[in-house]
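First up is the structure itself, then whatever we jot down about it.
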Amino acid sequence: MIIVTTDFVPGKEIKELKGFVRGSTVQSKHIGKDIMAGLKTIVGGELKEYTEMMEEARQKAIGRMVEDAKHKGANAIICMRLETSAVMQNASEIIAYGTAVVVE
């Protein structure tokens, strides 16, 4: 699956538009990681536990978006975007979305 943030795939021609695709996940903080991150805020620095958690969530959301595109018969996703939002205290949603197309 080709995934681009542009509205075209360089060197390819869009032959068919399959429509909007998306994938999402809601990720909550782990109490152990939350405690470690809280301690880290005292001394400063990267919160690696959260960096890893968010990277995993992004990969899950993108994977689900790709499955949606495959289900629609696409071989590429254009205009791909990622967004995040807090859905409740200690939980965030990551959504990946774009437009599924067939390119040649």
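Since the structure is predicted, the reported quantities are computational estimates derived from the model, not experimental observations. We count residues from 1, following the sequence as given.
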- request: Would you kindly confirm whether Leu82 and Ile3 end up in one hydrophobic cluster when ILVMFWY residues are joined by side chain heavy atoms under 4.5 Å apart?
  value: yes

query: Is Arg58 salt-bridged to Glu56, cutoff N-O under 4.0 Å?
result: no

Counterpart residues, salt bridge (charged side-chain N to carboxylate O under 4.0 Å, His left out), relative to Arg64 (two or more places apart): none

message: Restricting to side-chain contact (heavy atoms from CB on, under 4.5 Å), what partner residues turn up for Ser85, sequence neighbours left out?
response: Val87, Glu93

task: Mind jotting down which residue pairs meet the salt bridge (charged side-chain N to carboxylate O under 4.0 Å, His left out) criterion with at least one end in residues 68-86? Sequence neighbours excluded, please.
output: Glu67-Lys70

statement: Scanning both residues in full, the closest heavy-atom pair of Ala57 with Gln27 reads CB-OE1, 3.9 Å

query: Would Ile95 and Met65 show up in the same hydrophobic cluster when neighbours are defined by side-chain heavy atoms closer than 4.5 Å?
result: no

- line: Sorted by chain and residue number, the salt bridge (charged side-chain N to carboxylate O under 4.0 Å, His left out) partners of Lys12 (sequence neighbours excluded) come out as none

task: State, yes or no, whether a side-chain contact exists between Glu104 and Glu13 at a heavy-atom distance under 4.5 Å.
output: no

message: Can you tell me which residue among Thr84, Val26, Thr25 is in a side chain to side chain contact (heavy atoms under 4.5 Å, CB included) with Ser92?
response: Thr84

- line: Residues at least two apart in sequence or cross-chain that pass side-chain contact (heavy atoms from CB on, under 4.5 Å) with Ala69, listed by chain then number, are Met1, Val21, Ala74, Ile77, Ala100

query: Would Met80 end up clustered with Val102 when hydrophobic side chains under 4.5 Å apart are linked, directly or stepwise?
result: no

query: Who else is in the cluster with Leu17 when I, L, V, M, F, W and Y are joined by side-chain contacts under 4.5 Å?
result: Ile2, Val4, Val9, Ile14, Ile78, Val101, Val103

- line: To the nearest 0.5 Å, atom CD1 of Ile62 lies from atom CZ of Arg22 at 15.0 Å

statement: dist Cys79:SG -> Phe20:CZ (nearest 0.5 Å) comes out at 11.5 Å

